[in-house]
Student: 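Below is the structure I would like to discuss, written out as structure tokens.
The figures here come from the full heavy-atom set of this structure, side chains too, leaving out hydrogens, waters and symmetry mates. First the proteins, then the strands, lettered A, B, ... as listed; each starts at 1.
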Amino acid sequence: MSQTFVGMPSFPKNAAIAVQDSQLRFNLRKATRTIRGKRASVVEELPDWAELRQAGKAIKDHTLRNLERYLVQMEAAVSAAGGTVHWAKDAEEANRIVAGLVKATGETEVVKVKSMATQEIGLNEALAVEGVTAYETDLAELIVQLGDDWPSHILVPAIHRNRAEIREIFLAKMADVPADLTDEPKALADAARLHLRERFLRAKVAISGANFMIAETGTLVVLESEGNGRMCLTLPETLISVVGIEKLLPAWRDLEVFLQLLPRSSTGERMNPYTSMWTGAVEGQDFHLVLLDNGRTDVLADEVGRQALRCIRCSACLNVCPVYERAGGHAYGSVYPGPIGAILTPQLRGMDTALDRSLPFASSLCGACYDVCPVAIDIPSVLVDLRAKARHPRTERIGMAAAGWVFNRSVRLARAQRFGGRMRKLIPKRLPGPMSGWTDTRDLPDIPQESFRAWWDRTEGGAR
Amino acid sequence: MTSRDLILARIRAAVGDAPDVEIPRGYRGPGAESDGLIEHFAERVRDYRAVVHVVDAAEVAAAIGDALARREAGRVVVPAGFPAEWLAESVIEDLTTVDAVVTTCAVAIAETGTIVLDAGDGMGRRALTLVPDYHLCVVRADQVVPGVPDALTRLDPVRPLTWISGPSATSDIELNRVEGVHGPRTLEVIISI
Amino acid sequence: MRVALFITCVNDTLFPDTGRAVVTLLRRLGVDVEFPQAQTCCGQMHVNTGYPAEGVRLARHFTEVFAEYDAVVTPSGSCTAMIREQYPKLAATARVPAKQTAGLGTAVEEIVPKVYDLSEFLLDVLGVTDVGAYFPHRVTYHPTCHSLRGLHLGDRPTRLLSAVRGLELVALPGAEECCGFGGTFAVKNRDISAAMCADKVGNIMTTGAEVLCAADNSCLMHIGGTLSRQKSGVRVMHLAEILAATEGGAR
């Protein structure tokens with residue numbers, strides 16, 4: 001995955017700073033609450049949401065189980081329709097393929113449709129090294145790119161910015177910005193329209209991802225709102241789509257499930273403004289499809305973790321997550337933040353850094369993410385499973401072993417309780433070490449003189 | 001070993017012995033009951049802040065004329081195959097000088113307020129409905145289907161498809177929807193009954 | 001029917017009043033509840049912190065201790081959810097050697113249908129809504145995550161509370177949002193945990209309630225500890241303690 005976040009501290013340290021950022025907290029609270037309400041109302045409106053969700057889950061599981069067959073079918077269908085299919089085992093290879101294709105056109109500029117896969121592989125940075133400038137065209141991506149910032153959300157990478165901040169970024173960094181730009185969202189959208197118009201009309205090469213690929217027909221599907229996607233997919237002479245191998249669906253018909261699940265889960269709309277579907281090279285375009293592995297087959301090999309590959313990048317889990325709402329996306333140190341990021345990033349990148357090891361613990365296991373997930377990814381269960389794979393701090397291992405020893409025999413527990421009861425007056429109000437994490441903001445409960453089991457023993461369950 | 005072979009081999013090793021999965025399709029498929037289809041569609045398109053007119057088939061030409069007059073659209077692109085009784089075709093090379101585009105559609109979805117274009121007669125290549133700032137689309141009553149599953153059965157994936165649900169919009173500023181970004185900022189729909 | 005009380009390690013050690021309240025309540029309803037002394041802990045802390053081997057041992061211990069009973073009642077939504085939702089996954093986990101989990105799946109399958117959270121036992125097994133309690137106080141109820149999204153307790157606890165004489169139940173805004181406890185999360189991610197609790201406390205204060213009630217003492221320990229640190233003047237009580245309260249005996 002992208003090297004942008006290398007060397008970041010662990011999640012709790014990042015989050016400790018973020019929770020004190022009142023502007024960030026305000027922006028995220030407002031945005032996530034808005035979208036939660038919208039999602040809930042359009043989901044409630046469908047009488048068969050639960051059935052669609054079960055079908056979505058099963059279609060994805062079936063595809064993953066038969067991924068080899070469907071990928072080969074996809075390749076054949078795209079080739080038959082005049083497209084060229086490339087296979088990239090990792091980020092480096094994908095970047096090399098794309099850079100080579102761009103350079104072969106003689107162009108030094110490309111326009112981009114928002115794509116998680118190309119962010120994951122750090123494509124823009126890799127193209128820059130090759131002398132190719134990539135222009136993001138999605139409004140939120142544009143805000144991030146102009147502000148020299150990091151994305152903090154899957155769907156709305158600039159969710160951490162409010163309208164006033166966006167106006168300031170535009171005024172500072174957008175060459176052709178109207179001098180009287182206000183912070184009205186409409187005015188900001190108009191400024192982006194003006195800024196990108198010429199670039200769209202001039203562009204010869206575009207790079208996209210895809211939300212879905214249909215193995216049966218070789219069709220690619222991109223959902224978007226602004227029309228920047230249509231501009232990129234339609235106008236340039238060369239189109240290069242970098243797509244993770246898990247984005248596949250077996251049949252055309254399967255879209256009837258996902259075109260209902262995705263828009264309602266992501267932007268909380270019955271349907272997003274624009275969806276483009278194309279099969280191979282159309283309207284005289286030169287079309288290349290780059291199929292990307294980059295760790296996905298490793299995830300696929302894990303029986304519990306593989307369900308993360310069902311993800312359709314809707315962001316519903318981020319929007320509903322109380323941890324994400326307070327920590328913000330940057331704390332996760334990955335292009336995939338929030339609950340899905342907490343299970344996807346450590347699987348894709350491994351758990352060799354303090355940051356990646358801390359991600360499976362960035363959750364209270366409240367389960368809100370699982371409830372809203374349109375493909376029923378049991379995120380809490382995957383988190384728990386990843387916690388078992390993580391290397392634990394030494395003091396914690398000792399503490400857990402001691403607790404395990406005590407719980408193994410009820411007599412040991414009773415003895416520990418008696419000891420605690422005797423020490424009850426000696427326990428300080430503020431505890432040292434890791435347990436200060438408790439007493440920094442909370443009082444400890446009074447330790448009772450007598451445990452429940454001691455009371456039961458003494459009174460025969462209150463009978464005496 | 002090529003990357004293709006490597007990736008496929010990794011997949012085999014990862015799931016080769018995993019059990020397959022049955023797909024339950026208990027959701028509403030194509031052909032569901034649908035009362036008041038046209039009303040439903042019109043209401044859903046209006047929800048996106050698009051302008052919608054429901055007119056008799058005989059009134060379509062007049063409705064198109066009125067809409068373009070209200071818009072004060074001088075240069076209008078009308079794709080090949082657009083019904084001549086509604087409006088004459090007009091071929092314009094430079095789309096950036098166009099005020100409006102008038103098209104038909106391939107299918108329309110009531111539940112989601114969506115129109116789908118397939119680049120066929122009266123719709124033209126995809127850029128025609130993208131670059132002009134105003135899109136007027138004529139939908140025939142028999143093109144309106146209840147839901148997404150119905151629409152897919154009527155569409156041919158080999159054709160380039162554009163699904164349009166309201167004018168271009170963004171939710172990127174504080175997750176509130178604002179209409180009008182890169183695509184047409186105004187969408188007007190005439191439903192011919 | 002032989003009914004056992006699974007008190008849970010947290011209640012046993014820190015909140016014996018809750019256990020006594022369950023015993024009082026069940027006896028009042030004619031249930032002769034037993035307390036198997038060999039019980040210890042369901043293993044949730046170990047499992048959710050990433051120590052499945054200890055979790056497997058404790059799960060096996062649980063299934064052995066309670067195997068002979070017809071019903072197991074637990075005053076904890078979280079521990080009930082651990083047994084019902086997580087034991088089956090634990091029995092199949094690849095994170096511990098297969099010989100450690102051998103036979104656990106069958107034992108879990110047998111025990112799971114017999115384990116009830118207190119409000120499930122009262123409403124679904126005993127069929128009682130009015131448990132004869134008297135508690136003349138303004139109360140707000142926080143549905144803990146595992147009782148809400150794990151067990152799907154729904155309105156069971158509030159139906160029980162609504163039937164308590166003298167009790168004024170007020171709705172808690174943002175009730176379904178996590179309080180930020182999350183077991184070791186409260187310590188490992190102390191800042192986020194505290195930030196979540198700050199919002200929970202803010203919502204509690206808008207209700208004007210005197211008592212915050214929940215079906216999990218672990219969450220109440222976290223929220224209550226914060227309420228106490230802030231000198232808020234709101235106390236926390238487990239559902240069982242309110243349901244056990246009677247005229248003359250009410251606090």
Side-chain angles (χ1 to χ4, degrees), chain A residues 30-31 34-35 48 51-52 54-55 58-59 61-62 64-65 67-68 87-89 93 139-140 156 158 162-163 166 185-186 188-189 192-193 196 201 214 217 219 225-228 230-231 234-235 252-253 255-256 259-260 267 270-279 282-283 293 297 300-301, chain B residues 2-4 6-8 10-15 18-30 44 47-48 96 109 111-114 119 125-127 130-131 147-149 152 157-158 160-178 180-184:
Chain A
K30 187 172 176 200
T34 303
I35 195 70
D48 53 351
E51 287 80 9
L52 286 166
Q54 282 314 308
I59 292 168
D61 281 347
H62 166 78
L64 292 170
R65 169 62 189 84
L67 194 56
E68 181 184 11
W87 299 72
K89 63 179 182 297
E93 186 175 20
L139 178 54
V156 190
N162 68 16
R163 57 186 73 185
I166 294 166
K186 182 101 189 79
L188 296 169
R193 177 184 169 96
L196 287 173
L201 297 170
I214 311 299
T217 58
T219 309
S225 295
E226 297 163 16
N228 66 308
R230 293 178 67 192
M231 289 279 180
T234 311
L235 301 181
W252 172 248
R253 166 185 189 189
L255 283 173
E256 71 189 15
L259 289 180
Q260 298 193 70
T267 48
R270 294 182 182 119
M271 193 62 87
N272 51 295
Y274 298 134
T275 297
S276 296
M277 303 179 183
W278 73 98
T279 302
V282 293
E283 294 181 350
D293 181 345
T297 46
L300 191 64
Chain B
T2 64
S3 289
R4 179 184 188 276
L6 180 71
I7 292 168
L8 295 178
R10 283 178 179 170
I11 292 169
R12 263 195 306 279
V15 291
D20 208 341
V21 178
E22 284 292 311
I23 300 168
R25 294 190 192 260
Y27 53 87
R28 296 168 301 157
R44 290 288 158 95
D47 276 354
Y48 294 123
T96 60
I109 307 167
E111 188 165 76
T112 60
T114 304
R125 64 193 167 96
R126 294 170 294 171
L130 176 62
V131 179
V148 172
L152 286 163
V158 172
L161 302 174
T162 306
W163 296 46
I164 298 171
S165 307
S168 81
T170 181
S171 298
D172 282 357
I173 302 163
E174 300 174 7
L175 278 171
N176 260 314
R177 184 176 159 122
V178 191
V181 198
H182 304 294

Student: Side chain, backbone, both or neither: which part of A:L235 has a heavy atom under 4.5 Å from chain B?
Tutor: side chain

Student: Chain A heavy atoms under 4.5 Å from B:P19: which part of the residue, side chain, backbone, both or neither?
Tutor: backbone

Student: Which of these passes side chain to side chain donor-acceptor pair (under 3.5 Å) with B:T170: A:E226, A:K186, A:R193?
Tutor: A:E226

Student: Which of the residues B:L8, B:N176, B:V131, B:D47 is involved in the greatest number of heavy-atom pairs with chain A at under 4.5 angstrom?
Tutor: B:L8

Student: Pick one of side chain, backbone, both or neither for B:E111, based on which atoms fall under 4.5 Å of a heavy atom in chain A.
Tutor: both

Student: To check you understand the geometry: which heavy-atom pair defines the closest contact between B:G180 and A:A189, and what is its length?
Tutor: O-CB, 3.9 Å

Student: Is A:T234 in contact with chain B via its backbone, its side chain, both, or neither, using a 4.5 Å heavy-atom distance?
Tutor: both

Student: Just by modelled atom types, is the A:K30 backbone N or O under 3.5 Å from a matching donor or acceptor in the B:E174 side chain?
Tutor: no

Student: Taking side chain as everything from C-beta outward and backbone as N, CA, C, O, which of these in A:I166 sits under 4.5 Å from a heavy atom of chain B? Side chain, backbone, both or neither.
Tutor: side chain

Student: Grab the two heavy atoms, one from A:A58 and one from B:P24, that are nearest each other, plus how far apart they are.
Tutor: CB-CD, 3.4 Å

Student: Any idea which of B:L161, B:T2, B:T162 has the most non-hydrogen atom pairs under 4.5 angstrom with chain A?
Tutor: B:L161

Student: Rounded to the nearest 0.5 Å, what separates atom OG1 in A:T297 from atom CZ in B:R12?
Tutor: 12.0 Å

Student: I'd like to verify something: which residue of A:N272, A:I35, A:V156 has the highest number of heavy-atom pairs under 4.5 Å with chain B?
Tutor: A:V156

Student: Between A:K89, A:R253, A:E51, A:R230, which shows the greatest number of heavy-atom pairs under 4.5 Å with chain B?
Tutor: A:R230

Student: With a 4.5 Å cut-off on heavy-atom pairs, point out which of B:I109, B:T114, B:L6, B:I23 contacts chain A the most.
Tutor: B:I23

Student: Do B:P149 and A:Q260 make a side-chain contact, defined as non-hydrogen atoms from C-beta onward lying under 4.5 Å apart?
Tutor: yes

Student: Which answer fits B:V181, side chain, backbone, both or neither, if we ask what part of it has an atom under 4.5 Å from a heavy atom of chain A?
Tutor: both

Student: Got B:V15 and A:L67 here, is their nearest side-chain heavy-atom distance under 4.5 Å?
Tutor: no

Student: With no hydrogens and no angle check, is any side-chain donor or acceptor of B:D172 less than 3.5 Å from a backbone partner on A:A140?
Tutor: yes

Student: Less than 4.5 Å apart, any side-chain heavy atom of A:M231 and any of B:L130?
Tutor: yes

Student: Under a 4.5 Å cutoff for heavy-atom pairs, which residue among B:G183, B:S165, B:P160 has the most contacts with chain A?
Tutor: B:S165

Student: Would you say the side-chain atoms of A:E283 pair up with the backbone N or O of B:R126, donor to acceptor, closer than 3.5 Å?
Tutor: yes

Student: Calculate, to the nearest 0.5 Å, the distance between atoms OG1 and CG belonging to A:T34 and B:L175 respectively.
Tutor: 7.0 Å

Student: How close do B:G166 and A:Y274 get, heavy atom to heavy atom, and via which atoms?
Tutor: O-CE2, 4.3 Å

Student: If I take atom CZ from residue B:R177 and atom OG1 from residue A:T267, how far apart are they, to the nearest 0.5 angstrom?
Tutor: 8.0 Å

Student: Using non-hydrogen atoms only, which part of A:I214 is less than 4.5 Å away from chain B: side chain, backbone, both, or neither?
Tutor: neither

Student: Of the listed residues (B:V158, B:I7, B:T96), which shares the most heavy-atom pairs with chain A below a 4.5 Å separation?
Tutor: B:I7

Student: Are any side-chain N or O atoms of B:Y27 and backbone N or O atoms of A:E256, one a donor and one an acceptor, separated by less than 3.5 Å?
Tutor: no

Student: Counting heavy-atom pairs under 4.5 Å with chain B, which one of A:L201, A:L188, A:T279 comes out on top?
Tutor: A:T279

Student: Over all heavy atoms of both residues, which pair between B:R28 and A:D48 is shortest? Give the atoms and the distance, please.
Tutor: N-OD2, 2.8 Å

Student: At a heavy-atom distance under 4.5 Å, which candidate from B:T112, B:V148, B:V178, B:D20 has the highest pair count against chain A?
Tutor: B:D20

Student: Side-chain contact, heavy-atom cut-off 4.5 Å: B:R25 with A:I59?
Tutor: yes

Student: Would you say the side-chain atoms of A:T275 pair up with the backbone N or O of B:W163, donor to acceptor, closer than 3.5 Å?
Tutor: no

Student: State, to 0.1 Å, how close B:S168 and A:P273 come at their nearest heavy-atom pair, and which atoms those are.
Tutor: CA-CB, 4.5 Å

Student: So which part of B:L152 gets closer than 4.5 Å to some heavy atom of chain A, the side chain, the backbone, both or neither?
Tutor: both

